[in-house]
Amino acid sequence: MVGEEGAFVLGWDEVLTEEELSTTLKVLCMSEEEFKQYKEQDGWEDDSEEEENSTLSNEALSRLKTPCKELLYDSVLLTLESYGSDLKAEQDLLNNKEAYEKLSRREQQALHVRYGQKRILHQLLELVH
């Protein structure tokens, strides 16, 4: 369901891999009986029209059912724990001109990427909390 990379792609305004995340959340949050039906029907073939009209915007994420929100929240926390530093440490480094300039160009670019990723993850935490 998640694809080869095993990750979902989040943007500032919506989930960019919305179909994969939506299906994953549905499956992980369903009861055992619902899962049996899902397997017997080979998925939700009859829901394709509904899927096309729905996007996982930030607003839609904030309206998810509680079990799905909790699952997302816990997943984001685990992802944030996998980083070597927290958002504040990245922000402090970006704001410390002297320390920032000591970084190589590659390290500066990596810092910006990590900082952006963490900001999106923190935004998601707020949406599903």
Side-chain angles (χ1 to χ4, degrees):
M1 283 182 290
V2 179
E4 289 181 24
E5 296 166 9
F8 301 108
V9 181
L10 306 170
W12 282 111
D13 301 316
E14 65 187 16
V15 177
L16 302 177
T17 54
E18 63 188 69
E19 184 178 339
E20 293 90 343
L21 180 58
S22 180
T23 302
T24 301
L25 288 174
K26 283 180 183 179
V27 170
L28 292 175
C29 293
M30 64 177 54
S31 69
E32 186 175 339
E33 184 59 36
E34 290 169 326
F35 184 68
K36 281 182 188 177
Q37 289 176 351
Y38 174 78
K39 282 176 46 179
E40 289 171 5
Q41 296 174 2
D42 291 325
W44 292 286
E45 292 176 22
D46 56 339
D47 283 355
S48 59
E49 194 174 298
E50 178 187 319
E51 295 282 328
E52 287 177 19
N53 295 328
S54 67
T55 60
L56 280 179
S57 65
N58 288 349
E59 184 180 331
L61 287 170
S62 67
R63 292 190 319 259
L64 288 172
K65 293 179 182 174
T66 300
C68 292
K69 285 170 116 176
E70 289 173 352
L71 181 61
L72 268 178
Y73 187 86
D74 290 344
S75 298
V76 170
L77 287 180
L78 285 172
T79 302
L80 286 169
E81 287 175 10
S82 71
Y83 286 96
S85 60
D86 62 11
L87 181 66
K88 182 166 177 3
E90 306 287 3
Q91 192 169 12
D92 290 345
L93 186 53
L94 283 168
N95 291 332
N96 183 336
K97 195 170 190 167
E98 186 178 312
Y100 179 79
E101 289 176 357
K102 288 182 181 177
L103 298 174
S104 70
R105 181 85 174 122
R106 189 178 196 97
E107 290 170 323
Q108 290 173 354
Q109 291 172 340
L111 173 63
H112 284 283
V113 170
R114 281 192 317 271
Y115 180 68
Q117 290 171 341
K118 290 175 187 177
R119 285 188 54 213
I120 289 173
L121 290 170
H122 278 272
Q123 175 181 282
L124 181 56
L125 283 178
E126 290 177 21
L127 289 168
V128 298
H129 196 273

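- Using a distance-only test at 3.5 Å, with no hydrogens or angles considered, no donor-acceptor pair links the side chain of N96 to the main chain of D92.
- To the nearest 0.5 angstrom, L80 atom CG is 8.5 Å from L87 atom CG.
- Closest heavy-atom contact between Q123 and W12: NE2-O, 2.7 Å.
- The closest side-chain heavy-atom distance from I120 to L124 is not below 4.5 Å.
- With rounding to the nearest 0.5 angstrom, the NZ atom of K26 is 8.0 Å from the CE atom of M30.
- Linking Ile, Leu, Val, Met, Phe, Trp and Tyr residues whenever their side-chain heavy atoms come within less than 4.5 Å places L28 and L77 in a single cluster.
- In plain terms, the two heavy atoms of D86 and A89 that are nearest each other are OD1-N, 2.9 Å.
- Scanning for side chain to side chain contact (heavy atoms under 4.5 Å, CB included) contacts around D13 gives an empty result, with sequence neighbours left out.
- Between A99 and L93 the shortest heavy-atom distance is CB-CD1, 3.7 Å.
- Inter-residue side-chain proximity for E107 and L111 is flagged as unmet; no heavy-atom pair is nearer than 4.5 Å.
- Screening residues 63-81 for salt bridge (charged side-chain N to carboxylate O under 4.0 Å, His left out), with sequence neighbours left out, gives E59-R63.
- Pairs passing the ring pair (Phe, Tyr, Trp, His ring centres under 6.0 Å) check and including a residue from residues 104-126, sequence neighbours excluded, read Y100-H112.
- For the atom pair CG (L72) and CG (L56), the distance works out to 9.0 Å, reported to the nearest 0.5 Å.
- By the ring pair (Phe, Tyr, Trp, His ring centres under 6.0 Å) test, F35 pairs with no residue at all, sequence neighbours left out.
- Between L71 and C29 the shortest heavy-atom distance is CD2-SG, 4.2 Å.
- One distance of note links CG of L25 with CZ of F8; it measures 6.5 Å at 0.5 Å rounding.
- What you find for L121 and V76 is that their closest heavy atoms are O-CG1, 3.4 Å.
- Listed by first and then second residue, the salt bridge (charged side-chain N to carboxylate O under 4.0 Å, His left out) pairs involving residues 117-129 are E90-K118 (not counting sequence neighbours).
- Residues Y38 and T23 share a closest heavy-atom pair of OH-CG2, 3.9 Å.
- Using a 4.5 Å cut-off between side-chain heavy atoms of Ile, Leu, Val, Met, Phe, Trp and Tyr, L78 forms no hydrophobic cluster with any other residue.
- No side-chain donor-acceptor contact under 3.5 Å links S22 to the backbone of E19.
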